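Each remark here refers to the structure printed beneath this line.
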There are 2 protein chains.
Amino acid sequence: MQRLTVQRQAILDLINASNRHWDADEVARALVDAGASIGIATVYRGLAALESLGLIDSIQLADKKRYERADKAHHDHMICTGCGHIEEFSHETIEVLQQQIAAEKAFRLTGHQLVMFGLCRDCAEELDR
Amino acid sequence: MQRLTVQRQAILDLINASNRHWDADEVARALVDAGASIGIATVYRGLAALESLGLIDSIQLADKKRYERADKAHHDHMICTGCGHIEEFSHETIEVLQQQIAAEKAFRLTGHQLVMFGLCRDCAEELDR
DNA sequence: AGCGTAATGATAACCATTATCATTATTATG
DNA sequence: CATAATAATGATAATGGTTATCATTACGCT
Ligand SMILES: [Mn+2]
Ligand SMILES: [Mn+2]
Ligand SMILES: [Zn+2]
Ligand SMILES: [Zn+2]
């Protein structure tokens with residue numbers, strides 16, 4: 001990315017101003033709703049460009065990729081299969097153990113993604129009721 | 001699944017006879033190459049049906065779903081981004097810590113997927129050379 | 001101002017997966 | 001056994017997220 005265009009700045013601002021995990025379509029809709037003019041292809045390219053610079057982070061879910069602010073410490077995700085709510089967590093021991101496992105297998109670790117699935121408190125209660 | 005048809009039995013046998021992580025297309029091709037007659041739609045349906053019965057397991061990767069034998073103990077995966085090699089591992093402490101984290105957040109945990117990315121020994125050496 | 005190049009946006013293409021639907025196979029029933 | 005009910009198959013269309021194409025526009029620089 002050589003140019004931080006107005007479109008890319010708008011994407012970055014939108015994501016940085018929230019704690020959500022956005023998919024490309026949500027970003028496009030939010031920007032258009034806010035009066036911006038941006039095509040969906042530009043959103044996809046902008047998200048990829050911003051991520052490659054480390055300005056935003058992403059998680060790859062089963063159906064789609066979701067983007068979030070990069071100015072938070074590394075964390076993993078717990079997703080409610082009932083309502084879609086995403087809870088963040090981090091656990092230093094889990095991180096260290098992963099490095100140990102990689103070392104044992106002679107893997108040069110470059111990244112990881114831990115996603116836990118389940119029901120949030122509300123959805124679990126609703127189900128029990 | 002009410003009927004374990006010859007097609008579904010063939011899918012199950014193929015997967016059970018290997019340690020690979022198969023995608024739908026690979027399963028279809030392998031069966032056709034082995035002389036079976038099976039359509040790709042039937043493979044997709046068969047894989048889903050077998051999984052829902054717990055007869056096979058799956059991991060959801062970024063681009064596609066991959067299936068494997070279910071008669072192994074639970075494990076997670078480390079994937080080489082160089083050659084695609086998939087290494088399996090399991091770590092009891094990581095499993096327990098996940099349950100603790102879920103309990104703290106009042107999540108009713110139903111599953112998880114931990115994928116580590118990196119370079120296997122061979123690919124790392126190749127890169128250094 | 002003019003040139004070189006990166007980015008945009010509409011749209012086509014791609015790819016994995018699911019839906020449709022007529023046909024076939026299997027199971028249940030008389 | 002014959003036949004009805006229904007589940008599964010397979011060819012193919014459709015879907016949905018994402019990437020590629022390409023003409024046009026915007027930007028940075030001299
Ligand atoms: Mn997050
Ligand atoms: Mn495995
Ligand atoms: Zn929920
Ligand atoms: Zn490798």
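Reminder, nothing fancy here: chain letters follow the sequence lines and each chain counts from 1. Treat the numbers as computed from the prediction; the structure is a model and nothing was measured.
Taking Lys105(A) as the reference, Phe107(A), Met78(B), Glu87(B), Phe89(B) meet the side chain to side chain contact (heavy atoms under 4.5 Å, CB included) condition, with sequence neighbours excluded. Arg45(A) pairs by the salt bridge (Lys or Arg N to Asp or Glu O under 4.0 Å) definition with nothing, not counting sequence neighbours. Legend: residues meeting side-chain hydrogen bond (donor to acceptor under 3.5 Å, both in side chains) with Glu51(B), ordered by chain and number and at least two apart, are Ser58(B), Lys65(B). Every side-chain hydrogen bond (donor to acceptor under 3.5 Å, both in side chains) that Asp13(A) has, sequence neighbours left out, goes to Gln9(A). Annotation: side chain to side chain contact (heavy atoms under 4.5 Å, CB included) contacts of Gln100(B) (sequence neighbours excluded): Val96(B), Leu97(B). Applying the side chain to side chain contact (heavy atoms under 4.5 Å, CB included) test to Asp57(A) and every residue at least two apart in sequence or in another chain returns Glu68(A), Ala70(A). With sequence neighbours left out, the side chain to side chain contact (heavy atoms under 4.5 Å, CB included) criterion links Arg3(B) to Thr5(B).
If you find the closest nucleotide of DNA chain D to Lys64(A) and to Leu4(B), the one lying nearer the 5' end belongs to Leu4(B).
Bracketed by its first and final contacts, the part of DNA chain C lying under 4.0 Å from non-hydrogen atoms of chain A reaches from dG4(C) to dT11(C) in 5' to 3' order.
Contacts between residues 18-45 of chain A and DNA chain C, defined by a heavy-atom separation below 4.0 Å, involve Ser37(A), Ile38(A), Gly39(A), Ala41(A), Thr42(A), Arg45(A), listed by number.
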At under 4.0 Å between heavy atoms, how does the protein contact nucleotides 24-30 of chain D? Give one character per nucleotide, 5' to 3', with B, S or -.
--BB---
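Side-chain atoms of His85(B) and Ile79(B), non-hydrogen and from C-beta on, never get closer than 4.5 Å to each other.
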Could you go through residues 29-37 of chain A and list every donor-acceptor pair under 3.5 Å that involves a side-chain atom there, pairing it with any protein atom two or more places apart or in another chain?
| residue | atom | partner | partner atom | Å |
| --- | --- | --- | --- | --- |
| Arg29(A) | NH1 | Asp25(A) | OD2 | 3.2 |
| Arg29(A) | NH2 | Asp25(A) | OD2 | 3.1 |

Please output the side-chain donor-acceptor pairs of residues 118-129 of chain A that fall under 3.5 Å, not counting sequence neighbours, one pair per line with the distance.
| residue | atom | partner | partner atom | Å |
| --- | --- | --- | --- | --- |
| Asp128(A) | OD1 | Arg108(B) | NH1 | 3.2 |
| Asp128(A) | OD2 | Arg108(B) | NH2 | 2.7 |

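When rounded to the nearest whole Å, the span between CE of Met1(B) and C1' of dT6(D) equals 16 Å.
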